[in-house]
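Working notes, structure below.
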Amino acid sequence: MTYMKKSPWIIHYDASSCNGCDIEVLACLTPMYDLERFGIINTGNPKHADIFLVTGGVNEQNRAVIKNIYDQMPEPKVVIALGICATSGGVFRECYNIIGGIDKVIPVDVYLPGCPVRPEQIIDSVVKGLSILEEKQRQLAARGKSA
């Protein structure tokens with residue numbers, strides 16, 4: 001993995017999860033795990049975000065919200081599905097109101113199943129997402145030079 005020119009920013013969205021994965025995402029920000037040591041910044045504005053972390057399954061009420069956040073993010077961007085609910089709908093996939101995982105609405109780059117996912121796994125998935133983001137940046141730059 002090479003070094004990016006700027007710190008990657010993350011936006012996190014809870015799409016109807018049980019909050020188990022969300023608590024683990026918050027644990028990543030504590031001094032014990034300290035996701036910011038990689039230069040990663042947590043933001044609430046999708047227009048500044050490079051990585052989209054989503055927990056929970058998709059339903060009709062949050063489908064438009066997920067798509068809206070994704071569309072507001074600038075290119076290149078990476079989507080990480082955290083937890084079994086975000087990857088497939090999890091134990092709720094047979095419920096009347098759950099459509100499935102977030103890949104039913106937006107493209108996903110990194111899948112991280114688990115219930116709940118551990119902070120170490122979240123950090124690993126974010127680091128994997130960073131390498132995907134760097135590759136997307138290279139491809140975008142190559143397209144810009146050829147155009």
Side-chain angles (χ1 to χ4, degrees), residues 1-30 33-90 92-93 98-147:
M1 182 167 83
T2 61
Y3 292 99
M4 298 176 61
K5 293 184 180 184
K6 72 174 200 77
S7 294
W9 288 26
I10 291 180
I11 186 165
H12 169 239
Y13 179 71
D14 173 10
S16 70
S17 75
C18 68
N19 291 331
C21 291
D22 300 313
I23 291 170
E24 301 298 332
V25 169
L26 291 176
C28 289
L29 302 174
T30 64
Y33 297 103
D34 194 16
L35 191 59
E36 290 182 352
R37 72 176 180 245
F38 297 109
I40 296 167
I41 299 169
N42 192 19
T43 183
N45 189 344
K47 294 178 182 179
H48 297 152
D50 303 301
I51 299 174
F52 189 17
L53 296 179
V54 183
T55 56
V58 175
N59 59 36
E60 284 300 327
Q61 291 181 341
N62 64 23
R63 170 185 237 155
V65 175
I66 292 169
K67 182 76 171 124
N68 188 17
I69 292 171
Y70 179 80
D71 290 342
Q72 289 182 54
M73 292 175 64
E75 291 290 339
K77 53 191 161 193
V78 171
V79 177
I80 301 175
L82 290 180
I84 195 67
C85 293
T87 59
S88 67
F92 306 108
R93 71 180 168 273
I98 297 295
I99 297 167
I102 63 167
D103 57 359
K104 302 283 186 191
V105 180
I106 58 175
V108 176
D109 297 296
V110 180
Y111 292 90
L112 180 59
C115 185
V117 292
R118 299 290 306 141
E120 298 91 346
Q121 295 172 309
I122 295 170
I123 292 171
D124 287 344
S125 69
V126 169
V127 170
K128 184 176 181 179
L130 290 176
S131 63
I132 293 170
L133 184 63
E134 288 175 350
E135 180 59 32
K136 285 184 175 186
Q137 285 176 334
R138 278 194 288 276
Q139 290 173 357
L140 195 62
R143 273 188 269 147
K145 289 179 183 175
S146 65

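In the displayed structure, E75 atom CD is contacted under 6.0 Å by more than 12 heavy atoms of other residues, nucleotides or ligands.
Considering only residues two or more places apart in sequence or on other chains, K67 meets the side chain to side chain donor-acceptor pair (under 3.5 Å) condition with D71. Take R93 and apply the side-chain contact (heavy atoms from CB on, under 4.5 Å) test, not counting sequence neighbours, and it matches no residue.
Distance NE2/H12 to CG/D22: 4.0 Å, rounded to 0.5 Å. Here the CG atom belonging to L140 is positioned 11.5 Å from the CD atom belonging to E135, to the nearest 0.5 angstrom. The distance from the CG atom of L29 to the CG atom of L35 is 6.5 Å, given to the nearest 0.5 Å. Atom CD of E24 and atom CD1 of I123 lie 11.0 Å apart (nearest 0.5 Å). One distance of note links CZ of R118 with SG of C28; it measures 9.5 Å at 0.5 Å rounding. Note that the CG atom of N62 and the CG atom of N68 stand 12.5 Å from one another [nearest 0.5 Å].
Nearest heavy-atom pair across Y70 and K77 is O-NZ, 2.7 Å. I11 approaches N45 most closely through the heavy-atom pair CD1-C, 4.0 Å. Here the closest non-hydrogen pair linking P8 and D50 is CA-OD2, 3.3 Å. Among all heavy-atom pairs drawn from P46 and P74, the shortest one is O-CD, 3.6 Å. Across all their heavy atoms, S125 and V110 have their closest contact at CB-CG1, 3.9 Å. A49 and T43 make their closest contact through CB-CG2, 4.0 Å (heavy atoms, listed as atom of the first residue, atom of the second, distance).
Side-chain contact check for V78 versus V126: every heavy-atom pair is 4.5 Å or farther apart.
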Let me see the working for I98 and S16 under side chain to side chain contact (heavy atoms under 4.5 Å, CB included), right down to the final yes or no.
CA-CA 9 Å; I98 297 295; S16 70; 4.3 Å; yes

Check step by step if side chain to side chain contact (heavy atoms under 4.5 Å, CB included) holds for I69 and I106.
CA-CA 10 Å; I69 292 171; I106 58 175; over 6 Å; no

What verdict does the salt bridge (Lys or Arg N to Asp or Glu O under 4.0 Å) test give for E134 and K136, after you've listed the backbone C-alpha separation in whole Å, the side-chain angles of each residue and the deciding distance to 0.1 Å?
CA-CA 5 Å; E134 288 175 350; K136 285 184 175 186; over 6 Å; no

Starting from the C-alpha separation in whole Å, work towards a yes-or-no answer on side chain to side chain contact (heavy atoms under 4.5 Å, CB included) for D14 and V25.
CA-CA 10 Å; D14 173 10; V25 169; over 6 Å; no

Side chains of residues 79-86: which donor-acceptor partners sit under 3.5 Å, not counting sequence neighbours?
none

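Classified by interplanar angle (parallel below 30°, tilted 30° to 60°, perpendicular above 60°), the ring pair Y13/F52 is tilted.
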